[in-house]
Amino acid sequence: MKVTEHFQNAKGKTLISFEVLPPLKGSMQGIFNTLDALMEFKPPFIDVTYHREEYLYKMRPSGYYEKSSIRKRPGTVGICAAIMHRYGVDAVPHLICGGFSVEETENALIDLNFLGINNVLALRGDARQFEDKFTPEANGHKYALDMVRQIADMNGGKYLDANIVGGEATNFCIGVAGYPEKHFESPNLISDLHFTKEKVKAGASYIVTQMFFDNKKYFEYVEACRAAGIEAPIVPGIKPLTKRYQLNSIPRKFFVNMPEDLVKAVVKAKDDEAVKEIGIEWAIAQSKELKAAGVPCLHYYTMSETEIIRKIASTVF
Ligand code: FAD
């Protein structure tokens, strides 16, 4: 079932969903352990992230560096199929522009379609480590918007090969990313909203937000989207803060601010165990307020913190 159909069927009730990362190469058991522990909350869908290959530079005995390419977390599509098979819930694979030519994107979407996966979160992806800006693949998409257009074309039976006339139309429900504190490359929020609106006009039917720690940012973002004419459901993404070093690492990596009350409490905490409790309480308070405001779904970035997410979900749902 499509993510948007789940929203419609919920009739205003707030749903819960989780995002998991493919494991570092090896066993899928970690994902199953996480999801086994979270299934009691009855998520109608689970997102699985996609990870682009990274370049590694190894020093050779000669002193020269050798460049190699490695994908640390492959398996997104297989994991989605395994999740659907094991739990009977819908899986939402993330698909990125980075590392894909348009043909490879089409092939990936054909695989998803054949597997009966009809949800996808269409993203651009970030720059590789050691690169200062995002570079698309040769003949790949530069922006998520271009991928949304390609998926919408396939939903209309239009494939890249112009000789395919009357090709089978796919039936993807397309989600896209949104940034309550604006995307870090955008000159301002208005510009960012303009391109978010373009993604929706091109065929995206819901938005999942970047994490935020201040609900005011989310509520203001929703208001700004509505004022800009973006009517799609906006799903808040929640990540509990669990360690002191995240006070610096999260803003650096995700370009989000931390409210002063949260910062003060974490700075005062005696150890990481105390920080974890503060993070859990903060995420519970955020979640309760968002749920009371009638958001369509609370989407938790699990990042392997199964017990923490369980604690939050069992208090909120
Ligand atoms: P876009 O929508 O393409 O926007 C990128 C920037 O370009 C923005 O500043 C936008 O305003 C601007 N822009 C957009 N279109 C145009 C245009 N036509 N002309 C000029 N400017 C334009 N990354 C991964 O690698 N794997 C994942 O699984 C993953 N999952 C994510 C899930 C969520 C919910 C979120 C919020 C992010 C996720 N990311 C993931 C990170 C994401 O790839 C990065 O944030 C990336 O920098 C931007 O992706 P986007 O899809 O928002 O890009």
Side-chain angles (χ1 to χ4, degrees), residues 3 17-23 31 45-54 71-77 79-80 91-100 105 108 112 119-129 131-137 140-151 174-204 206-212 217-218 221 224-225 228 230 232-239 250-256 295-303:
V3 165
S17 63
F18 304 109
E19 178 186 288
V20 295
L21 272 66
I31 292 206
F45 60 93
I46 307 280
D47 278 50
V48 183
T49 56
Y50 192 92
H51 299 261
R52 189 179 185 174
E53 86 288 2
E54 291 290 346
R71 271 192 70 202
K72 287 190 184 156
R73 294 181 186 272
T76 301
V77 174
I79 293 168
C80 284
V92 184
H94 293 190
L95 202 55
I96 62 171
C97 304
F100 282 78
T105 301
L112 295 176
N119 290 290
V120 64
L121 196 75
L123 301 145
R124 186 195 70 178
D126 279 316
R128 291 188 190 90
Q129 227 184 336
E131 286 184 344
D132 65 347
K133 65 177 175 44
F134 172 80
T135 353
E137 201 62 11
H141 294 307
K142 200 169 168 195
Y143 296 108
L145 171 61
D146 306 319
M147 196 204 294
V148 173
R149 288 189 175 131
Q150 182 177 11
I151 304 171
I174 311 168
V176 290
Y179 302 84
E181 298 180 60
K182 100 170 177 61
H183 184 259
F184 71 101
E185 290 168 26
S186 273
N188 57 46
L189 184 64
I190 293 172
S191 163
D192 207 19
L193 289 178
H194 167 78
F195 290 116
T196 304
K197 185 174 177 180
E198 289 300 305
K199 291 193 278 192
V200 174
K201 269 169 43 191
Y206 71 103
I207 296 167
V208 185
T209 76
Q210 181 58 280
M211 66 183 72
F212 55 88
K217 307 268 186 209
Y218 169 83
Y221 179 70
C225 283
I230 302 169
I234 302 176
V235 175
I238 306 287
K239 148 98 186 90
I250 288 179
R252 198 168 54 231
K253 188 151 187 233
F254 299 102
F255 304 93
V256 296
V295 299
C297 181
L298 286 168
H299 184 69
Y300 291 97
Y301 297 114
T302 63
M303 295 185 179

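Because the structure is predicted, anything quoted here is derived from the model rather than measured. Along the sequence shown, the residues carry numbers beginning at 1. Indexing begins at 1, ligand by ligand and atom by atom, following the structure's order.
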Taking N or O atoms only and a 3.5 Å limit, does [X] qualify as a polar contact for ligand 1?
X	value
His94	yes
Gly125	yes
Asp192	yes
Tyr50	yes
Asp126	yes
Tyr301	no
Thr49	no

What is the closest protein heavy atom to [atom], and at what distance does it sit?
atom	result
atom 4 (O) of ligand 1	Tyr143 CD2, 4.7 Å
atom 2 (O) of ligand 1	Lys199 NZ, 2.7 Å
atom 3 (O) of ligand 1	Ala144 N, 2.9 Å
atom 17 (C) of ligand 1	Phe195 CE2, 3.2 Å
atom 53 (O) of ligand 1	Arg124 CB, 3.3 Å
atom 40 (C) of ligand 1	Leu123 CD1, 4.0 Å
atom 36 (C) of ligand 1	Ala177 CB, 3.5 Å

CZ-SG distance between Arg124 and Cys97, expressed to the nearest 0.5 angstrom:
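The CZ atom of Arg124 sits 8.0 Å away from the SG atom of Cys97.
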
So, applying side chain to side chain contact (heavy atoms under 4.5 Å, CB included) with [X], which one of [options] is it?
X	options	result
Val176	Leu123, Ile207, Leu121	Ile207
Tyr206	Ile174, Val3, Val200	Val3
His94	Val208, Leu21, Thr49, Val48	Thr49

[X] versus [Y]: any side-chain heavy-atom pair under 4.5 Å?
X	Y	result
Ile250	Met211	yes
Glu198	Val148	no
Leu112	Pro93	yes
Lys239	Glu19	no
Asn119	Phe45	no

Part of His183 within contact of ligand 1 (heavy atoms, under 4.0 Å):
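Under 4.0 Å from ligand 1, His183 contributes side-chain atoms alone.
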
Taking heavy atoms and a distance under 4.0 Å, where does Tyr179 meet ligand 1: side chain, backbone, both or neither?
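Only the side chain of Tyr179 comes within reach of ligand 1.
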
Interfacing atoms of ligand 1 (cut-off 4.0 Å, heavy-atom, [X]):
X	value
Gln210	36 (C)
Ser186	8 (C), 9 (O), 10 (C), 11 (O)
Val208	34 (C)
Ile96	24 (C), 25 (O), 26 (N)

Do side-chain atoms of Lys199 reach the backbone of Gly178 as a donor and acceptor pair under 3.5 angstrom?
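Not a single qualifying donor-acceptor pair exists.
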
Test ring pair (Phe, Tyr, Trp, His ring centres under 6.0 Å) on Tyr50 and Phe100; report intermediate values, then the result.
CA-CA 12 Å; Tyr50 192 92; Phe100 282 78; 5.4 Å; yes

List the steps, then state whether side-chain contact (heavy atoms from CB on, under 4.5 Å) holds for Cys225 with Ile234.
CA-CA 9 Å; Cys225 283; Ile234 302 176; 3.7 Å; yes

